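Just so you know, these numbers come straight off a predicted model, no measurement behind them. One-based numbering along the sequence shown. We count ligands from 1, going down the list as the structure has it; atoms in each ligand are counted the same way.
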Amino acid sequence: MAKVLVSDSIDPVGVEILSQVAQVDVKTGLSAEEIIQIIPEYDALMLRSSTRVTKEIVEAGSKLQIIGRAGVGVDNIDVPAATRQGIIVVNSPEGNTIAAAEHALAMMLSLSRHIPDANQSVKANKWERNRFIGTEVYKKNLGVVGLGKIGSHVAKVARSLGMKILAYDPFISKERADQLGCTLVDLELLFAESDFITLHVPKTSETQHLIGRETLAKMKPTVRIINCSRGGIIDELALIEALESGRIAGAALDVFEQEPLGESRLRELSNVILTPHLGASTTEAQVGVAVDVAEQIRDVLLGLPARSAVNIPGLTPDVMEKLRPYLQLAETMGNLVSQLAGGRCDSLNVRLQGELATKDSQPLVVAAIKGLLSQALRERVNYVNAAIEAKERGIRVIETRDASTRDYSGSIHLEANGSMGTHSVTGALLSTGEIRITDLDEFPINVPPSNHMLFTLHQDMPGIIGKIGALLGSFNVNIASMQVGRKIIRGDAVMALSLDDPLPEGLLSEITKVPGIRDAYTVKL
Ligand SMILES: NC(=O)C1=CN([C@@H]2O[C@H](COP(=O)(O)OP(=O)(O)OC[C@H]3O[C@@H](n4cnc5c(N)ncnc54)[C@H](O)[C@@H]3O)[C@@H](O)[C@H]2O)C=CC1
Ligand SMILES: O=C(O)C(=O)COP(=O)(O)O
């Protein structure tokens with residue numbers, strides 16, 4: 001019989017479901033070393049946010065087929081390590097949406113009316129009516145950072161409280177924001193105009209310390225910040241300084257850079273409310289996430305696909321085998337075109353060409369969407385949810401098939417319209433299976449994708465390539481390969497460079513100042 005380790009406390013209904021197919025051991029509070037010791041016995045691991053699934057744990061889990069996160073954020077799991085080892089990672093994308101949103105709203109109202117302190121005061125036999133004068137949220141600006149599932153619900157409810165919602169989410173279309181009654185703004189404006197700011201973004205390298213010394217300095221002195229997303233999105237030290245100096249008015253925190261919260265000056269501040277990561281802790285949400293994830297673990301142990309796998313495509317093994325190299329091609333092209341189009345895409349045209357112009361190649365469209373959304377959703381987007389996520393974000397996906405294109409055995413052409421305009425790419429596979437970008441904005445090129453790339457649209461004229469090379473050199477950026485594509489001599493042209501190093505901040509704007517350069521884009525693949 002299969003064995004499942006449940007390493008954080010979950011609702012008993014989850015254990016019941018797992019027990020249908022496996023021996024279930026609930027062992028909470030284990031150290032990493034203790035988990036490493038016992039994990040080789042287990043076929044599945046189910047957890048919440050307290051267990052940190054490190055690379056070492058994943059690698060020790062030689063029998064593990066699936067890791068189930070009874071919640072949303074998988075930032076406590078080394079997902080790349082699990083993927084490399086072929087372990088499916090699943091979560092419950094919607095099970096605790098309402099709970100987390102309601103907690104953020106409760107935190108906002110508690111903060112504005114001093115409820116925790118007033119409660120303590122009455123319980124200490126005091127009656128301090130003048131000490132606890134609050135602020136209304138009615139007609140105030142609420143800045144919502146991250147307009148996904150939780151952020152959207154917060155926005156909806158806050159609107160009914162009479163608040164005006166300013167939202168920042170580079171991956172949400174204006175139409176979707178309009179539907180929710182939110183004004184999409186850039187972060188600068190959100191920070192400058194908000195009376196309350198609530199964070200609902202995943203923890204990624206982009207969101208790490210999104211709120212820090214510099215950003216806090218741009219906010220109103222009366223602003224109150226609520227964080228029910230992840231610790232580390234706020235630089236805690238900078239926040240403490242801003243609260244101590246009165247630079248901002250207050251904060252309500254459910255999540256911390258280190259959990260459980262250790263020694264911290266946060267505990268001493270009167271303008272702060274703290275809860276111990278309770279966003280998902282409602283009876284309803286805990287039943288929801290436990291059922292959602294336990295069912296998926298049960299299914300995978302029975303050899304069935306998982307519905308919310310964050311890392312493994314939910315394709316049948318034979319389709320997967322046939323399309324595997326092209327899935328990677330479509331995903332890479334989707335990722336590339338989303339970065340050229342600048343996020344917030346409202347349309348994606350997918351043209352499957354040559355041999356790929358068949359019905360069976362439908363998963364390639366999904367793979368292209370997955371690539372397109374990967375900047376926004378990281379490992380949360382998968383083959384199962386990519387199309388739904390695109391629809392919810394107001395992205396129109398148009399598929400065409402053109403069997404007559406015969407330049408490679410099969411190629412994929414993508415065109416996306418986003419905040420930086422309309423851009424297109426074509427990609428194909430060489431007979432060796434290597435990926436080639438064969439066309440950029442209708443200019444023919446032939447370059448392999450690489451980690452750091454620079455593309456320019458420029459006028460074909462003598463000296464321009466040298467100038468770009470010299471400029472990159474002066475910033476110590478090494479060029480691995482370079483290619484120019486043009487249609488006519490001295491007309492418009494594109495340049496595609498693979499770089500060994502990321503482009504330093506500020507260099508892109510220097511490149512666009514070079515005479516003859518019309519536009520320049522950096523891409524990370
Ligand atoms: N305190 C708690 O107990 C809970 C915390 N959470 C946290 O809340 C987060 C959000 O959850 P959901 O709304 O369900 O996820 P979601 O994926 O539906 O929404 C996240 C949104 O953030 C946006 N986003 C990504 N990068 C961004 C960036 N750099 N700037 C602005 N927006 C960006 C995405 O486009 C997306 O719309 C989770 O990742 C998790 O970490 C979730 C549940 C409970
Ligand atoms: O679902 C999430 O992302 C959460 O943060 C909830 O965490 P928890 O399962 O309550 O430890």
message = Please report whether ligand 2 has a polar contact with A280, defined as an N or O pair separated by less than 3.5 Å (distance criterion only).
response = no
request  = Can you pull out the closest protein heavy atom to atom 4 (C) of ligand 2? Residue, atom name and distance to 0.1 Å, please.
outcome  = R69 NH2, 3.1 Å
ask   = Looking only at protein heavy atoms, which one is nearest to atom 5 (O) of ligand 2, and how far off is it?
value = H277 NE2, 2.7 Å
request  = Could you list which atoms of ligand 2 come closer than 4.0 Å to a heavy atom of G73?
outcome  = 1 (O), 2 (C), 3 (O)
inquiry  = For N96, which part has a heavy atom under 4.0 Å from ligand 1: side chain, backbone, both, or neither?
reply    = side chain
request  = Decide side chain to side chain donor-acceptor pair (under 3.5 Å) for D254 and T275; before the verdict, give the C-alpha distance in whole Å, the side-chain angles of both, and the deciding distance to 0.1 Å.
outcome  = CA-CA 5 Å; D254 184 45; T275 51; 2.7 Å; yes
key: Part of H200 with heavy atoms under 4.0 Å of ligand 1, whether side chain, backbone, both or neither   = backbone
message = I want to confirm something. Looking only at heavy atoms, which of V72, V289, V201 is nearest to atom 9 (C) of ligand 1?
response = V201
message = Within the structure, is a non-hydrogen atom of D169 found at a distance of less than 4.0 Å from ligand 1?
response = yes
ask   = Considering only heavy atoms of P170, which atoms of ligand 1 have at least one such atom less than 4.0 Å away?
value = 30 (N), 31 (C), 32 (N)
query = Which bit of I150 is near ligand 1, meaning a heavy atom under 4.0 Å away: side chain, backbone, both or neither?
reply = both
remark   = Result for side-chain contact (heavy atoms from CB on, under 4.5 Å) between M46 and one of I10, D8, L5 points to I10
Heavy-atom donor-acceptor pair, R247 side chain to M219 backbone, under 3.5 Å = yes
query = D78 and T54: side chain to side chain donor-acceptor pair (under 3.5 Å), yes or no, with the steps?
reply = CA-CA 6 Å; D78 191 331; T54 58; over 6 Å; no
task = Spell out, as yes or no, whether a donor-acceptor pair under 3.5 Å connects the side chain of R265 to the backbone of L269.
result = no
inquiry  = Below a 4.0 angstrom heavy-atom separation, can you tell me which part of A70, side chain or backbone, both or neither, approaches ligand 2?
reply    = backbone
key: Options R230, E389, Q208, K149, ranked by nearest heavy atom to atom 18 (O) of ligand 1, top entry   = K149
inquiry  = Closer than 4.0 Å to some heavy atom of R230 - which atoms of ligand 2 meet that?
reply    = 2 (C), 3 (O), 4 (C), 5 (O)
Enumerated ligand 1 atoms positioned under 4.0 Å from heavy atoms of H277 = 1 (N), 2 (C), 3 (O)
request  = Could you tell me whether the side chain of L261 reaches within less than 4.5 Å of the side chain of R267, counting heavy atoms only?
outcome  = yes
task = Please could you name the atoms of ligand 1 that Y168 approaches to less than 4.0 Å, counting only its heavy atoms?
result = 30 (N), 31 (C)
request  = For G71, counting its heavy atoms only, list the atoms of ligand 2 lying under 4.0 Å from any of them.
outcome  = 1 (O)
request  = Run the numbers on Q120 and H114 for side chain to side chain donor-acceptor pair (under 3.5 Å), then give the verdict.
outcome  = CA-CA 10 Å; Q120 265 196 338; H114 311 290; over 6 Å; no
task = Would you kindly specify which portion of A100 sits under 4.0 Å from ligand 1, judged on non-hydrogen atoms: side chain, backbone, both or neither?
result = side chain
query = Judged by modelled atom types alone, do T97 and E94 share a side-chain donor-acceptor pair under 3.5 Å?
reply = no
remark   = Paired with V154, the side-chain contact (heavy atoms from CB on, under 4.5 Å) test is passed by just one of L105, L147, I226, I165, namely L105
ask   = Considering only heavy atoms of D254, which atoms of ligand 1 have at least one such atom less than 4.0 Å away?
value = 1 (N), 2 (C), 3 (O)
key: Winner among A376, P202, G71, G148 once heavy atoms are compared against atom 39 (O) of ligand 1   = P202
ask   = When you measure from the side chain of N76 to the backbone N and O of T51, does any donor-acceptor pair fall under 3.5 Å?
value = yes
inquiry  = Strictly distance-based, threshold 3.5 Å: is any side-chain N or O of N96 a donor or acceptor partner for the main-chain N or O of A280?
reply    = no
remark   = The closest protein heavy-atom partner of atom 11 (O) of ligand 2 is S49 OG, 2.4 Å
query = Once you round to the nearest 0.5 Å, how far does CG of L372 lie from CD of Q339?
reply = 10.0 Å
task = Say whether N96, considering both its backbone and side-chain N or O atoms, lies within less than 3.5 Å of an N or O atom on ligand 2.
result = yes
key: Protein contact of atom 10 (O) of ligand 2 - nearest heavy atom, named by residue and atom, plus distance   = R48 NH2, 2.8 Å
request  = Tell me which part of V289 gets within contact of ligand 2: side chain, backbone, both or neither, using heavy atoms under 4.0 Å.
outcome  = neither
key: S308 side chain vs S92 backbone, donor-acceptor pair below 3.5 Å   = no
message = Residue-level breakdown please: for R393 versus ligand 1, do any non-hydrogen atoms fall below 4.0 Å on the side chain, on the backbone, on both, or on neither?
response = side chain
message = I need the nearest protein heavy-atom contact for atom 1 (O) of ligand 2: residue, atom name and distance, please.
response = V72 N, 2.6 Å
message = Under a 3.5 Å distance rule, please check whether K139 uses its side chain to pair with a backbone N or O of G162 as donor and acceptor.
response = no
task = Taking only heavy atoms of T207 into account, list the atoms of ligand 1 that are under 4.0 Å away from them.
result = 28 (C), 29 (N)
request  = Decide, yes or no, whether a salt bridge links E259 with R52 under the criterion of side-chain N to carboxylate O below 4.0 Å.
outcome  = no
